[in-house]
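Here the structure is laid out as structure tokens; the discussion comes afterwards.
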Amino acid sequence: MNGVIQLAYFGVAVVFILGLKAMSSPVTARKGIVWAGYAMIAATLITFYTPGMQNYGLMITAIVLGGGVAWWSGRVVKMTDMPQMVAIYNGMGGGAAAAIAALEFARGGAHGVTATTLAVLGALIGSVAFSGSCIAFAKLQGIMTKAWRLPQQNLVNIVLAAVAVLLGLAIIVTETPPSAIVIAFFVVALALGVILTSPIGGADMPVVISLLNAFTGLAVGFEGYVLGNPALIVAGIVVGASGTLLTQLMAKAMNRPIKNVIFTPITGAAAGGGEAIEGSMKELSALDAASVMRYASKVVIVPGYGMAVAGAQHKVWEMAQLLEEGGVEVLFAIHPVAGRMPGHMNVLLAEAGVPYDKIFDMEEINSDFPQVDVALVIGANDVVNPVARTDKSSPIYGMPILNVDMAQNVIVVKRGQGAGYSGIENALFFRDNCRMLYGSAQQIIGEVITHVKALEV
């Protein structure tokens, strides 16, 4: 019977991995999500048939409660709130892995040095992922409005990590660890997640979410070994590996090593450097914006978090369709770290019905901007700031950006004159070829649509 169970787990793992692979293509992404979801359901059901399994009532209760909450929250959450939902769900995974380890310690420890070591590693990483994800959620939700940094922050990080490792070693070498050591271990690990994440500002948030996701995957994989559950091992390792790769891609997109994200985060307080910007911001009306785009040959739209906050993606696509009906070529350009989580803008545009072949990554479209008549920037800031190319004293120097400043005309939709997540003033807004269109993206794009329709008459 045990051999059949293991074979079933293997089959489920294969389907899960194939589902993840299918998600790499927009055409097969929906099928991939369904396959991976069914694979997880099957793995859960197989667990009920594992020899020696008990407490079916508690298992069913947990599945019903957890599944119900997940279904309800997934139905009601707004697309603009998707980053914080991903953050808190990711934290739940890390917390669950840490809870598994805590139960093993309470029952007298895992069996063998290897299992105990992996249980400790899973507990440490899972606890950091849980508390760190809670802080990320609080920041994205607006509960924490400022980056909180301790004096000698990096030294505190190192000391807490060292203490956590020492307590973890004490658990490993002790056959039955005292409850005081176990409690102290978890308190320090949770505190480490809070202290690590609190100073990190919105500019680095996509990288942080991806990194915490990788932590959760590793923690789940380690605890899967402790429990002898192949499905958890495979799922955890796949999530950990993919999260690690995504973190590296995000860090590369910002040209910021991961160690800099953790130890020297970009915050408003840290963004005081940079050369003085000359010139002034120049405003234009919705009618002027409509006229410039209606009679252009090529328009590239660059969405940012401001579009997400306003929920303007549907209006933006409606405007793009009107322009295309008038003979204007309209494309969308996405920076890898636009928004507050990887792929945030892609999700919003897909929800609005924008075809995949009109959405281009930074590397695919950057060379086209000198031939673009109008670049329409909606709520983006740091990812289009040209000082990243020119000002070596700027905290974002070297970060790859969308070259919208090279377009013939640039229109920036923005609610006000504030700086971006990094706290750095955007030199693009002061360029001669740039005009500002102030207001909520939902309202302003609606006005532009009205004027475009009038121009068609």
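- No more than 12 heavy atoms of other residues, nucleotides or ligands sit less than 6.0 Å from atom CG of D432.
- In summary, R389 and D405 engage in a salt bridge, as defined by a charged side-chain N under 4.0 Å from a carboxylate O.
- Under the 4.5 Å side-chain criterion, counting only non-hydrogen atoms from C-beta, L349 is not in contact with Y356.
- Within the 4.5 Å cutoff, the side chain of V413 has heavy atoms near those of the L437 side chain.
- Between K21 and W35, the closest side-chain pair of non-hydrogen atoms is not below 4.5 Å.
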Hey, can you pull the donor-acceptor pairs under 3.5 Å for the side chains in residues 230-241, sequence neighbours left out?
none

Point to revise | Stepwise side-chain contact (heavy atoms from CB on, under 4.5 Å) check, M293 with V452 | key: CA-CA 9 Å; M293 289 189 288; V452 170; 5.8 Å; no
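- Atom CG of N381 sits about 14.5 Å away from atom OH of Y305, to the nearest 0.5 Å.
- Taken from NZ in K453 to CE in M319, the straight-line distance is 12.5 Å, to the nearest 0.5 Å.
- A 4.5 Å side-chain heavy-atom check between Y38 and V15 finds every atom pair outside the cut-off.
- Using a 4.5 Å cut-off on side-chain heavy atoms (C-beta onward), L331 and K298 make contact.
- In terms of modelled atom types and a separation under 3.5 Å, the side chain of T197 and the main chain of V194 share no donor-acceptor contact.
- When each of E318, E351, Q442 is tested with Q313 by the rule side chain to side chain donor-acceptor pair (under 3.5 Å), just one qualifies, namely E351.
- Looking only at side-chain heavy atoms (C-beta outward), L249 and P336 stay at 4.5 Å or farther from each other.
- Considering every non-hydrogen atom in both S127 and F186, the closest pair reads OG-CD2, 3.5 Å.
- Closest non-hydrogen pair, F130 versus G94, comes out as CB-C, 4.3 Å.
- Of the possible polar contacts, one joining the N385 side chain to the V387 backbone as a donor-acceptor pair under 3.5 Å is found.
- Closest approach of E223 to A101, counting heavy atoms only: OE2-CB, 3.5 Å.
- Taking every heavy atom of both residues into account, A286 and H451 meet most closely at C-CD2, 3.7 Å.
- No side-chain heavy atom of F430 sits less than 4.5 Å from a side-chain heavy atom of K282.
- Judged purely by atom type and a 3.5 angstrom limit, N366 uses its side chain to pair as donor or acceptor with the backbone of N403.
- When only modelled atom types and interatomic distance are considered, E447 and Q443 share a side-chain donor-acceptor pair under 3.5 Å.
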Point to revise | CA sep, side-chain torsions, deciding dist, call: I445, I378, side-chain contact (heavy atoms from CB on, under 4.5 Å) | key: CA-CA 9 Å; I445 298 301; I378 307 176; 4.3 Å; yes
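- Not one N or O on the side chain of E324 forms a donor-acceptor pair closer than 3.5 Å with the backbone of E329.
- Judged by distance alone, with hydrogens and angles left aside, the side-chain atoms of T28 form no donor-acceptor pair with the main-chain N or O of K31 at under 3.5 Å.
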Practice item. Show your working on side-chain contact (heavy atoms from CB on, under 4.5 Å) between F360 and V300 and close with a plain yes or no. Key: CA-CA 10 Å; F360 293 85; V300 174; over 6 Å; no
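- Here the closest non-hydrogen pair linking L190 and S131 is O-OG, 2.8 Å.
- Between the side chain of H335 and the backbone N or O of P400 there is at least one donor-acceptor pair closer than 3.5 Å.
- With values rounded to the nearest 0.5 angstrom, I301 atom CD1 is found 7.0 Å from L323 atom CG.
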Point to revise | side-chain contact (heavy atoms from CB on, under 4.5 Å) between V309 and R415, worked out | key: CA-CA 11 Å; V309 170; R415 285 176 295 178; 3.7 Å; yes
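- A distance-only check finds a donor-acceptor pair linking the side chain of T216 to the backbone of N90 [under 3.5 Å].
- Q141 is not listed as a side-chain neighbour of I88, based on a closest heavy-atom distance of 4.5 Å or more.
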List the atom pairs, with distances to 0.1 Å, where a side-chain N or O of residues 207-215 and a protein N or O form a donor-acceptor pair under 3.5 Å, not counting sequence neighbours.
residue : atom : partner : partner atom : Å
S210    : OG   : G243    : O            : 3.3
S210    : OG   : T247    : N            : 3.1
S210    : OG   : T247    : OG1          : 2.9

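- For the pair Q153 (side chain) and I195 (backbone), a donor-acceptor distance under 3.5 Å is present.
- Scanning both residues, Q408 and P370, for their nearest heavy atoms gives NE2-O, 3.2 Å.
- Taking CG of L155 as the start and CG of L160 as the end, the distance is 9.5 Å to the nearest 0.5 Å.
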